[in-house]
Amino acid sequence: MNLFPAGRLAERIATAVADRPSVSRLAAGPVATYLPGRTVRGVAVREDRVRIAVVAVYGPPIAEVVEQVRTAAREIVPDLPIDVTIEDIEVPGAAVGP
C-alpha cells in the first residue's frame, strides 16, 4: 500500500513539467514535496491544490510557459487548481553563478 500518494503525484508532475521545452528546470526554492529520504523540488501537492515552481527558458512569453506547465500538470491532476510560479529565467549558454 502506498502511504505517500502525494509523493507519487509530485514525482509524476515533476517529470511531466521538466519535459516541457519552455522549462529549464524545476526550482530549488521552498516549493517542494517532502518525503521520507527524499524531496521532490518544485512541486507541492496538497489536498486542495498543486503548487509548481520552475526556472523558465528565456524567450517564450511567461504566459506561454505557465500554460505549458499547467497543461502538463492537468494531465496528471485534472481536478485540482494549479498555481505556477516562475522563480527565474535562464538564458541558454549564459554562465550560472560562481
| note | Closest heavy-atom pair, Pro21 versus Gln68, reported as atoms and distance to 0.1 Å, is CD-OE1, 3.5 Å
| Linking I/L/V/M/F/W/Y whenever their side-chain heavy atoms sit closer than 4.5 Å, directly or via other members, would Val69 and Ile82 fall into one cluster? | yes
What donor-acceptor contacts under 3.5 angstrom involve side-chain atoms of residues 71-81, with partners at least two apart or in another chain?
unit_1, atom_1, unit_2, atom_2, d
Thr71, OG1, Glu67, O, 2.8
Thr71, OG1, Glu67, OE2, 3.3
Glu75, OE2, Arg20, NH2, 3.4

| From CD1 (Ile86) to OG (Ser22), nearest 0.5 Å | 7.5 Å
| request: Could you go through the side-chain contact (heavy atoms from CB on, under 4.5 Å) check for Val57 and Glu90 one step at a time? | output: CA-CA 5 Å; Val57 173; Glu90 187 171 277; over 6 Å; no
| Linked, directly or transitively: Ile62 and Val55 (ILVMFWY side chains, under 4.5 Å) | no
| Should Ile52 and Asp83 count as side-chain neighbours, where that means a heavy-atom distance under 4.5 Å? | no
| query | Val50 and side chain to side chain contact (heavy atoms under 4.5 Å, CB included): which partner among Leu9, Val31, Ile13? | reply | Ile13
| request: Quick one: closest heavy-atom pair of Ala32 and Thr39, and the distance? | output: CB-CG2, 3.7 Å
| task | Might you work through the side-chain contact (heavy atoms from CB on, under 4.5 Å) test for Arg25 and Val54, ending with a clear yes or no? | result | CA-CA 6 Å; Arg25 65 185 176 281; Val54 300; over 6 Å; no
| Do you know which two heavy atoms are closest between Ala10 and Thr33, and how far apart they sit? | CB-OG1, 3.5 Å
| request: Give the C-alpha distance, both sets of side-chain angles, the deciding distance and a yes or no for side-chain contact (heavy atoms from CB on, under 4.5 Å) between Arg12 and Thr15. | output: CA-CA 5 Å; Arg12 289 178 59 206; Thr15 298; 5.9 Å; no
| note | All heavy atoms of Glu87 vs all of Ala53, minimum pair found to be OE2-CB, 3.6 Å
